[in-house]
Number of protein chains: 2
Amino acid sequence: MKLLTRNTDYAVRALSYIAMENGRTITVAELSEELKISWSFLRKILQILSREGLVFSIKGKGGGFRLAQPANRIFLLDLIRIFQGLIRLNACIINNTACPNIRICILKKKIDIIEKSIISELHPVTLETLLNQQNELLHLQTI
Amino acid sequence: MKLLTRNTDYAVRALSYIAMENGRTITVAELSEELKISWSFLRKILQILSREGLVFSIKGKGGGFRLAQPANRIFLLDLIRIFQGLIRLNACIINNTACPNIRICILKKKIDIIEKSIISELHPVTLETLLNQQNELLHLQTI
DNA sequence: TAGTACGATACTAATTTAGTATCATTTACA
DNA sequence: TGTAAATGATACTAAATTAGTATCGTACTA
Ligand code: FES
Ligand code: FES
């Protein structure tokens, strides 16, 4: 049971890299080289991010990608939604659809609480959050 | 992202059925018939439950399964562990093993919190919990 | 000793996740 | 103006996980 799949993971890394280059246009080739992630796979991920409006793309020679939104507006939860779908843990023990139990089911209630907890923990996490952490890390290492 | 897989789900149903029959010895054939779950699949699940000591088995004619522990000692978390492994959501964004970030990583912290929340919600849930709920449901329906 | 039930284990099928390949289109610039 | 560099769309393959089946062996009861 993974909270983040590889798609999401790579998307975060790619976006981080792009964000740290202060508005430079970044090609998939560069990302792939720097992050050591398969070119084709990254390409697909970036295409999706572009379609979803998180980055915008410039075609042709000299082209590439830039963030379409400031880093503090790019939410981890959106990436999860894009690459993994909505967070739905709900497995009814009896019957996935109209379970007669659903109003009183203890498990259902627990799972709802867990879902909410996931969302409330992850909700504040943006690309900026994760970038700051990297800066902090760099700082620590230079002490 | 499912919290419970089908193995776990069926295990809960099978154990519930067995528990509700007050110590009678229940065969896989009966379970399969009553619960409308594939005989072979149930068989495998019961074999595992038996190996894990949650039920004990009686071989030969007249045989079958009984709970090896009282319903309030059979924990949902154990079933999850048995059929799905330990709950580990941890996906490090950079590198699954020795990530240099791990001490300060915000995401890691969040994920730890989520894991703890899952465990603390599910920890009190036993077979008895789920049985009581079913009784409650029956009660409601007869009003 | 026949029939019923579980034990162990290997196998197959379906689904989800991960990753690759191809052709089309846009753009820069020699 | 044409070629190389870049993304867009989309289809395809491969690996991993989950779901489900089959088979042969052993124990027990009547
Ligand atoms: S058993 Fe159906 S919602 Fe819990
Ligand atoms: S980035 Fe490695 S633990 Fe978070």
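Because the structure is predicted, anything quoted here is derived from the model rather than measured. Labels below follow one simple rule: chain letters A, B, ... track the order of the sequence lines, proteins then strands, and each chain is numbered from 1.
Between B:Glu30 and B:Arg24, at least one side-chain N (NZ, or NE/NH1/NH2) sits under 4.0 Å from a carboxylate O, which counts as a salt bridge. A salt bridge is defined here as a Lys NZ or Arg NE, NH1 or NH2 lying under 4.0 Å from an Asp or Glu carboxylate O, and A:Asp112 with A:Lys108 meets this definition.
When each of A:Ser38 and A:Lys59 is assigned the nucleotide of DNA chain C with its nearest heavy atom, A:Ser38 is the one assigned upstream, toward the 5' end. With the nearest nucleotide of DNA chain D identified for both A:Ile26 and B:Asn7, A:Ile26 has the one nearer the 5' end. When the nearest nucleotides of DNA chain C are assigned to A:Ile58 and A:Tyr10 by heavy-atom distance, the more 5′-ward of the two goes with A:Tyr10. Between B:Gly62 and B:Gln84, the one whose closest nucleotide on DNA chain D sits nearer the 5' end is B:Gln84.
When atom types are taken as modelled, the side chain of B:Lys110 and the backbone of A:Glu121 share a donor-acceptor pair closer than 3.5 angstrom.
For the pair B:Ile45 CD1 and D:dT18 C1', the computed distance is 12 Å after rounding to whole Å. One can place CZ of A:Phe83 at 14 Å from C1' of C:dG19, the figure rounded to the nearest angstrom. Here the P atom of nucleotide D:dT21 and the CD1 atom of B:Ile48 are 15 Å apart, to the nearest Å. Following rounding to the nearest Å, A:Ile37 (CD1) and C:dT20 (P) show an atom-to-atom distance of 12 Å. If you take CG of B:Leu46 and C1' of D:dT21, they are 16 Å apart, rounded to a whole angstrom. Straight-line distance from the CG atom of B:Leu42 to the P atom of C:dA5: 15 Å, rounded to whole Å. D:dT7 atom P lies 13 Å from atom CG of A:Leu49, rounded to whole Å. The CD atom of A:Gln47 sits 12 Å away from the C1' atom of C:dT22 (whole-angstrom rounding).
Of all nucleotides listed (C:dT9, C:dT4, D:dG8), C:dT4 comes nearest to the side chain of B:Lys61. Counting only heavy atoms from C-beta on, B:Phe41 has its side chain closest to D:dA19 among D:dA5, D:dG8, D:dA19.
Residue A:Thr27 is in sugar-phosphate contact alone, with no base atom involved, counting any heavy-atom pair closer than 4.0 Å across all strands shown.
A:Ser50 has no side-chain polar atom (N or O) that falls below the 4.0 Å cut-off from OP1 or OP2 of D:dT7. Applying the 4.0 Å criterion to OP1 and OP2 of D:dG8, one finds that A:Ser57 has a side-chain N or O inside that range. Side-chain N/O atoms of B:Arg51 include none lying less than 4.0 angstrom from OP1 or OP2 on C:dG7.
Among pairs with a residue in residues 52-71 of chain B, none fulfils salt bridge (Lys or Arg N to Asp or Glu O under 4.0 Å), at least two apart in sequence or across chains.
Residue side chain B:Arg43 reaches the base of C:dG7 through a donor-acceptor N/O pair under 3.5 Å, judged by distance alone. Side chain A:Lys44 to base C:dG19: a donor-acceptor pair is found below 3.5 Å.
With rounding to the nearest 0.5 angstrom, the CD1 atom of A:Ile87 is 5.5 Å from the CG atom of A:Leu77.
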